[in-house]
Amino acid sequence: MAPSRVYEHPEADEIAIPRVLFALSEPLRLSMVRMLAERGEVDSIELGPDLPRSTLTHHTSLLRETGVVFVRAEGRKCMIRLRRDDLDRRFPGLVDTVLAGYREAPPAREDA
């Protein structure tokens, strides 16, 4: 049996607001965060079922590396959840403020 994938995440005190704001500045990633806030943990495929795998991996990796989400392997699945508690402790009200000001926009075109 192959070893399970292990993902690296920043510690809560290493999460930096400029990086979080950068991650949340892209409409597709913001849409993913909204879905996670509403649904909790999901298989990463659910965040972009129509996206090319490389695009989905790029965006979920960036969210993980900036500390916005936590990713874990579960068999062949890649489960992902919002690090809501860590973000609220570091930056009280940030997630609620960003999501409250966000209106669902059509997905950004890849060639734009």
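For the pair Ser31 (side chain) and Pro27 (backbone), a donor-acceptor distance under 3.5 Å is absent. His9 contributes a side-chain N or O that, together with a main-chain N or O of Val71, makes up a donor-acceptor pair within less than 3.5 Å. Between the side chain of Thr66 and the backbone N or O of Leu62 there is at least one donor-acceptor pair closer than 3.5 Å. No donor-acceptor distance shorter than 3.5 angstrom exists from the side chain of Arg72 to the backbone of Ile80, with no hydrogens or angles considered. Side-chain N or O atoms of Arg90 include one that pairs as donor or acceptor with a backbone N or O of Ala12 at under 3.5 Å. Without hydrogens or angle criteria, Glu26 side chain to Arg29 main chain gives a donor-acceptor distance under 3.5 Å. Without hydrogens or angle criteria, Glu11 side chain to Asp13 main chain gives no donor-acceptor distance under 3.5 Å. In this structure a side-chain-to-backbone donor-acceptor pair under 3.5 Å is missing from Arg83 to Val69. Between the side chain of Ser25 and the backbone N or O of Phe22, at least one donor-acceptor pair lies under 3.5 Å.
Between Arg39 and Glu46, at least one side-chain nitrogen of the basic residue sits less than 4.0 Å from a carboxylate oxygen of the acidic one, meeting the salt-bridge criterion.
In this structure the side chain of Cys78 reaches within 4.5 angstrom of the side chain of Tyr7, judged on heavy atoms.
Here the closest heavy-atom approach between residue Gly67 and residue Ile15 is recorded as O-CD1, 3.5 Å.
Atoms CG and NE2, from Leu28 and His59 in turn, are 4.5 Å apart once rounded to the nearest 0.5 Å.
Each of Val20, Leu36, Val68 was compared with Leu63 under the side chain to side chain contact (heavy atoms under 4.5 Å, CB included) criterion, and only Val68 meets it.
Both Leu30 and Leu51 are assigned to one and the same hydrophobic cluster, defined by single-linkage of ILVMFWY side chains at heavy-atom distances under 4.5 Å.
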Evaluate Glu65 against Arg19 for salt bridge (Lys or Arg N to Asp or Glu O under 4.0 Å), listing each step before the verdict. CA-CA 9 Å; Glu65 292 164 359; Arg19 293 182 48 87; 5.1 Å; no

